[in-house]
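Reading through the structure tokens given below for one structure.
Counting convention: from 1, in listed order, for ligands and their atoms alike. Quick note: residue numbers are just sequence positions, from 1. All of these numbers come straight from a predicted model, not from anything done at the bench.
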Amino acid sequence: MDRRKFLKSAAVGGVATAAFTTNLYARSTKRLKVCLSWPKTLPIMGEGALWFAKRVEELSGGSLKIHIYGANELVPALQVFDACSKGLIDGFHSGPYYWKGKNMAFALFSSFPFGMVADELEPWFDFAGGMDLWRKLYARYNLIPFKGGNTGNQMGGWFRKPIKSLADMKGLKMRIPGLGGEMMARIGVKPVNIPGGEIYTALERGVIDATEWVGPSLDLIMGFEKVAKYYYTGWHEPGSILEMTFNKRKFSSLAKEHQAIIEAATKEMHARIFSQFQYQNAVKLQELLNGKYDVVLGNFPDDVKKAAKKAIISILQEYSAKSKDFAMVYDNIKSFFPEMRKWTDTLPKWYLDTRDSGIIVD
Ligand code: CA
């Protein structure tokens with residue numbers, strides 16, 4: 001290469017490098033504060049948020065750092081929405097149904113009793129309008145949500161006394177948030193919403209008689225089996241979506257690359273948390289079935305299930321009449337769900353055939 005050509009190509013290279021560095025790496029490191037509605041040591045969920053922060057740092061070459069604060073470290077567990085909306089913190093990892101007091105439509109983004117399961121919720125969010133509606137409603141609070149995990153189907157909860165019929169539910173104080181709580185209220189339960197970290201003590205002291213939380217994966221880590229012996233399967237949260245939500249103005253002010261990194265890392269975290277829940281639920285359910293704990297595992301009696309189903313149908317209708325936002329989201333779900341369910345219905349058919357014939361497991 002002659003000298004003139006070399007100088008020319010070096011100059012082109014120099015321009016390209018300069019453009020790249022001013023684009024991302026030459027900027028000073030951006031730091032974001034993200035608060036959780038649970039302890040950061042909580043397996044799967046808290047650990048998932050810490051994993052997200054690490055992933056963002058890796059993908060951004062250290063130019064974007066997320067500091068994770070556990071529940072109550074910086075902001076009380078259930079005040080993260082307000083704090084982020086006001087810009088006091090930059091993001092939060094929580095669940096949309098905690099904010100139904102602000103807009104009852106938010107509860108629908110968490111999944112609702114007898115509603116869509118995880119396999120159905122995911123395509124609804126990604127391709128059938130769910131995410132657009134969620135972002136549209138959160139934008140009023142200066143927030144932009146991302147999916148932050150899916151718990152899969154949740155267990156119905158832990159009870160200090162056995163539930164033999166609907167009459168046994170009457171007057172029980174139970175920790176159960178969202179539309180599940182409203183449904184339980186209609187069948188005689190007194191629902192309360194307390195953050196995850198405070199449930200064990202409330203149950204142990206008899207402040208509450210029962211609680212739901214997630215499933216065997218996390219419930220056994222919380223130690224609920226020590227203070228409530230009866231554990232029932234559930235239909236109140238068929239596939240709850242968690243959220244990793246950011247202050248919208250703050251998010252918009254980030255470099256496009258950083259925005260894309262957050263979007264990619266939330267998707268990885270979301271998939272990771274769902275997968276881990278499914279895995280750990282299977283492992284811990286087997287421990288329960290093996291009799292490792294002094295727990296009576298069962299299903300709610302039929303009259304409880306029947307009354308609960310009737311209750312949620314009337315709640316969904318009443319809220320649709322009361323709130324335009326709720327009706328907008330619920331109508332969207334109703335327009336999508338029948339087609340989706342025809343497809344997911346094919347699963348139990350071949351799954352049961354396979355199980356009964358022992359092709360995979362004998
Ligand atoms: Ca729950």
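- Within the 6.0 Å centre-distance limit, the rings of Phe251 and Phe146 are counted as a close aromatic pair.
- Within the protein, the number of N/O/S atoms found under 3.0 Å from the Ca ion (ligand 1) is 5.
- Residues satisfying the side-chain contact (heavy atoms from CB on, under 4.5 Å) test with Lys292, not counting sequence neighbours, are Glu287.
- Taking Ile, Leu, Val, Met, Phe, Trp and Tyr as hydrophobic and joining them when side-chain heavy atoms fall under 4.5 Å apart, one finds Val283 in a cluster with Tyr279.
- Contacts of Phe114 classified as ring-ring contact (aromatic ring centres under 6.0 Å, His included), with partners at least two apart in sequence or in another chain: Trp235.
- You'll find the ring centres of Phe106 and Trp99 outside the 6.0 Å limit.
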- Task: Determine, step by step, whether Lys284 and Glu225 satisfy the salt bridge (Lys or Arg N to Asp or Glu O under 4.0 Å) criterion, reporting the C-alpha distance in whole Å, the side-chain angles of both residues, the deciding distance to 0.1 Å, and the verdict.
- Result: CA-CA 12 Å; Lys284 295 289 179 181; Glu225 78 285 354; over 6 Å; no

